[in-house]
Amino acid sequence: MRRPAVLLSTVAATALLLTACGTARTGAGGSGARASAPPSRTQIDDPGKDGVRITSLTLPSASPSPTRSASVSADRLATDSGVVASFEVTNEGTKTLTYSVVVTFVSSDGGAMANQTATVRDVGPGKTARGTVRAGQLPSAAPRVTQAKVLKVTKVPADEAPAEPGTCPGSGIRVSVDKGDAAMGLRVVGLHLDNCGTRKYTVEGYPLLELLDGDLKTVHGIKILHGSSEITTSAGPDEQPRLVTLSPGESANAALVWRNTTESGAPVNVPHVRVRAKTGADPVTVTPDLDLGTTGKLGVKPWAKAEH
């Protein structure tokens, strides 16, 4: 009785393997499609950056051109290259941190094919977390990806990290920063305040800011100006602060304005800004990457209700 059981197990395993690889269709004349080889996974000896390193790279196998006898998902080919980098994050500090990791996917000739960002939340002191990031869609004629590298790492206190998109923190208020605009040395980055809670929320005046370096220590020597007229007239007139009341679902905007002019002295770069919507509000640490040059000045515009 054991021999039929072994045979049945073998048949079942074969069926599961075929199911996992996709459905093969038989073309005219009864010939089946050749099964694709499984993706290849390469272990990577990466020294890493700021506690983050790539551990492996998964690449799709080279597949034969589709014919009438092979079923190919056009949607998947159009949206995902199948290239996946695995990474690990080790927190060597003393506080629980949330990490933002930018991974660059590189071809054999050294060219960057794609940059993708992954967020790893709540990594405790001395702990290691693991994750993956996909290269996403790549041009059909692009060289084959052969390597992945950690391009940039930013980290903020976990309890001050911006809320994930689509979620609402316990405060009912979500603070975020956009990618901003840059032209002729002038920088403008928007701060956004969303009332995602169930009660009205009121702010008046300017966001409260604390500038932080890469080690999350306070940066001194930068003058924070109310308004932007001392920096530029191109960012619009300085509006007077007003009382802004946000009903649930409403938003307010402010802005950071600076120039990256460099003259005598060492240029100052400020990766992080700790933002409080008003006195007593929970802090949120955002990462606008302020390249302040040697100007020593940062302008901030007051909160104003967003127009929908």
Side-chain angles (χ1 to χ4, degrees), residues 97-102 115-121 151-169 171-183 185-197 201 203 205-219 222 224-228 231-232 234-236 239 241 244 246 249-260 268-279 281-293 295 297-308:
L97 300 174
T98 288
Y99 290 75
S100 178
V101 181
V102 180
N115 292 336
Q116 299 292 355
T117 302
T119 299
V120 184
R121 294 182 176 272
L151 182 65
K152 181 180 179 181
V153 178
T154 57
K155 48 195 174 184
V156 300
D159 57 355
E160 297 180 11
E164 293 185 77
T167 66
C168 188
S171 64
I173 294 299
R174 185 169 51 233
V175 176
S176 61
V177 64
D178 61 32
K179 294 183 179 180
D181 294 319
L186 177 65
R187 310 284 195 258
V188 181
V189 166
L191 288 175
H192 306 287
L193 176 66
D194 303 317
N195 184 353
C196 55
Y201 190 82
V203 290
Y206 301 88
L208 305 178
L209 309 178
E210 182 182 357
L211 308 186
L212 305 175
D213 64 15
D215 294 323
L216 300 173
K217 296 179 180 179
T218 302
V219 176
I222 303 300
I224 298 178
L225 307 171
H226 284 173
S228 60
I231 297 172
T232 181
S234 300
E239 301 290 344
V244 177
L246 302 177
E250 292 186 324
S251 303
N253 298 325
L256 306 179
V257 184
W258 74 98
R259 288 191 180 277
N260 72 334
V268 176
N269 294 310
V270 178
H272 309 294
V273 178
R274 179 175 283 133
V275 180
R276 288 178 172 85
K278 62 181 181 180
T279 301
D282 292 339
V284 178
T285 298
V286 296
T287 308
D289 288 319
L290 309 178
D291 54 341
L292 298 173
T295 63
K297 294 185 293 186
L298 173 68
V300 56
K301 287 180 168 291
W303 292 118
K305 182 173 287 190
E307 298 181 1
H308 295 283

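- A search for side-chain hydrogen bond (donor to acceptor under 3.5 Å, both in side chains) contacts involving Thr287 returns His272, not counting sequence neighbours.
- With sequence neighbours excluded, no residue forms a side-chain hydrogen bond (donor to acceptor under 3.5 Å, both in side chains) with Lys278.
- Lys152 is linked by a salt bridge (Lys or Arg N to Asp or Glu O under 4.0 Å) to Asp289, counting only residues two or more places apart in sequence or in another chain.
- Here Ser234 pairs with Thr232 under the side-chain hydrogen bond (donor to acceptor under 3.5 Å, both in side chains) rule; sequence neighbours left out.
- Partners of Arg276 under the salt bridge (Lys or Arg N to Asp or Glu O under 4.0 Å) rule, at least two apart in sequence or in another chain, do not exist in this structure.
- With sequence neighbours excluded, the residues forming a salt bridge (Lys or Arg N to Asp or Glu O under 4.0 Å) with Arg274 are Glu160, Glu210, listed by chain and number.
- For Val219, the side-chain contact (heavy atoms from CB on, under 4.5 Å) criterion is met by Leu211, Asp213, Ile222, Val268, Val270, not counting sequence neighbours.
- Applying the side-chain contact (heavy atoms from CB on, under 4.5 Å) rule to Asn195 yields the partners Ile173, Tyr201, Leu246, Pro248; only residues at least two apart in sequence or on another chain are considered.
- Under the side-chain contact (heavy atoms from CB on, under 4.5 Å) criterion, Pro288 pairs with Val177, Val189, Leu256, Val273, Val286, Leu290, sequence neighbours left out.
- In this view, Asn115 and Thr104 satisfy the side-chain hydrogen bond (donor to acceptor under 3.5 Å, both in side chains) rule, not counting sequence neighbours.
- Applying the side-chain contact (heavy atoms from CB on, under 4.5 Å) criterion to Thr167, with sequence neighbours excluded, gives Ala163, Glu164.
- Looking at residues two or more places apart in sequence or on another chain, you find a salt bridge (Lys or Arg N to Asp or Glu O under 4.0 Å) between Lys301 and Asp238.
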